[in-house]
Amino acid sequence: MGTLLLITATLCLAGAQHQGLIDYLEQRLVAIEGRISLWHEQSNRYATELREFKQQMNGLTENLEKGHEALRSDAETVGTRVERLERELDYMETQNPAPPCVDMDKNLMEQEIMTAKEKPKAEYKLSDCRDMISRIKAMKIVKKAGGLKGVWFKDTSVSGKVYVFNGTSKDVLYEFGSARDLAASVGLSRGRPIHLPFPWSGMGHTIYNGYAYYVTEGAVFQLIKYDLQNGSVVDSAVFSADDQVPVYGLSPETYIDLSADGGVLWALFATRDTERTISLAKMDPDTLEVEQMWDTPCPRENAEAGFVICGTVYVVYNTKLASRSRVQCVFDVDGLVTSDEAPLIYFPKRYSTHSSLKYSPLEKMIYAWDDGYQILYKMVMKKKLEV
Ligand SMILES: *[C@@H]1O[C@H](CO)[C@@H](O)[C@H](O)[C@H]1NC(C)=O
Ligand SMILES: *[C@@H]1O[C@H](CO)[C@@H](O)[C@H](O)[C@H]1NC(C)=O
């Protein structure tokens, strides 16, 4: 009996212990459930938040994509516009190429016409003449008429008329009332043809004081002084240089290049003697007599044209594959200007090479012929010995 009691008590005790365990486990379960539901709640909240976030992100991405699309189409529009602009620029370049430092001057011809209408200024003497080139200020393409090579120039001292020598050897030149008349002409049709008694040779002619001074080639080279008003040969002279060679390497047709200013007729030429360089002669424009000669240090090779201003020779160089023309050699008869101190002057990139460059002292303009284009360059001058 005592044993039974003991067993019962033990069982009771075991039952009580078991109950305790169950209670404990239940509490733990409740706690775990609590935490699980908390996690649920939290994860639900996270899920919602995540969903919302996703929605927001979707919205944002959409907006971003739209923005991106808009940007891309903008960029494309800008791209096409830039391309079009570039094409237009290219086109304008080919139509009127000019470097940034030289203006295209629409008013050059007006200036020029005004100069023509002004009373001719008193002719200055070489001794008073101290101009040298400082830079090119502006250019104007006046016309494209005639062949690839030629000369055009104006008689500033008498009539203001413009003369066109089309080609390298012909006997008809054309007279225009002004550069503007030439610009308005269909080809050279508006010009008055002047028939010369002897054909010209090369691109060395000049117009001065109502006369055309030009070179004709027979057994020897002869200079002709032709009165443009009454159409007669006033004087002619054999040019006194032996064994002549073309004066400019890139313009093989020109053997003597004439220019007049300061009451002097200048001739640039070259002979076999000093084959590599260019020589200069000073002549009397009334009698065509040579008064003095110089050998300049300026090479003939790659020279395309030249001119003389106040006793300073400027030789313009290019390359066989035409690039930028530039004054690269200077020679002064009084030694006042050397190539080192003269500014290196670049002409605007043009069509080809200049077959002639004729300086008009009264207008401070160069009449240029470039691949059939008649071009004016307005020059800025300074005084020699001024730096
Ligand atoms: C100008 O000269 C070129 C080359 O000699 C020639 O082909 C052209 O017909 C000439 N033009 C005029 C208008 O005389
Ligand atoms: C033309 O004018 C010049 C002067 O420049 C004169 O010497 C010549 O005799 C004149 N000729 C004719 C044919 O009138």
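Atoms within a ligand are numbered from 1 in the order they appear, just like the ligands themselves. This is a predicted model, so every value here is computed, not measured.
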With heavy-atom distances below 4.0 Å as the criterion, list the atoms of ligand 2 near Ser232.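 Reading through ligand 2 atom by atom, the close ones are 1 (C), 10 (C), 11 (N).
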For [atom], what's the nearest protein heavy atom and its distance?
| atom | result |
| --- | --- |
| atom 7 (O) of ligand 2 | Val234 CG1, 4.9 Å |
| atom 4 (C) of ligand 2 | Asp227 OD2, 3.5 Å |
| atom 2 (O) of ligand 1 | Asn166 ND2, 2.4 Å |
| atom 12 (C) of ligand 2 | Asn230 ND2, 3.1 Å |
| atom 5 (O) of ligand 1 | Lys170 NZ, 2.6 Å |

Does Asn230 have more than 12 heavy atoms from other residues, nucleotides or ligands lying within 6.0 Å of its CG?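 Yes, CG of Asn230 has more than 12 neighbouring heavy atoms, counting only those of other groups under 6.0 Å.
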Distance from Phe165 atom CZ to Tyr174 atom OH, nearest 0.5 Å?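 If we round to the nearest 0.5 Å, Phe165:CZ and Tyr174:OH are 12.5 Å apart.
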Is it true that Lys149 lies under 4.0 Å from ligand 1, counting heavy atoms only?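 Judged by the 4.0 Å heavy-atom criterion, Lys149 does not count as contacting ligand 1.
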Residue pair Lys364, Asp131: steps toward the salt bridge (Lys or Arg N to Asp or Glu O under 4.0 Å) verdict: CA-CA 10 Å; Lys364 303 195 189 327; Asp131 276 354; 3.2 Å; yes
Please step through salt bridge (Lys or Arg N to Asp or Glu O under 4.0 Å) for the pair Glu363 and Lys154, ending with a clear verdict. CA-CA 10 Å; Glu363 301 169 301; Lys154 181 159 54 166; 2.6 Å; yes
Side-chain heavy atoms of Arg300 within contact of Glu275, under 4.5 Å: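 The answer is yes; the side chains approach within 4.5 Å.
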Protein heavy atoms: any of them under 4.0 Å from atom 14 (O) of ligand 1?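 Answer yes: something from the protein, a heavy atom, is under 4.0 Å.
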Protein heavy-atom contact under 4.0 Å for atom 9 (O) of ligand 2?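 There is no protein heavy atom less than 4.0 Å from atom 9 (O) of ligand 2.
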Less than 3.5 Å between some nitrogen or oxygen of Tyr174 and one of ligand 1, yes or no?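 Min N/O separation from ligand 1 is not below 3.5 Å for Tyr174.
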Using a distance-only test with no angle check, is there a side-chain donor-acceptor pair under 3.5 angstrom linking Lys358 and Ser259?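 Distance-only check fails for Lys358 and Ser259.
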Quick one: sort the Trp152 and Tyr367 rings into parallel, tilted or perpendicular, breaks at 30° and 60°.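 Geometry flag for Tyr367 against Trp152: perpendicular rings.
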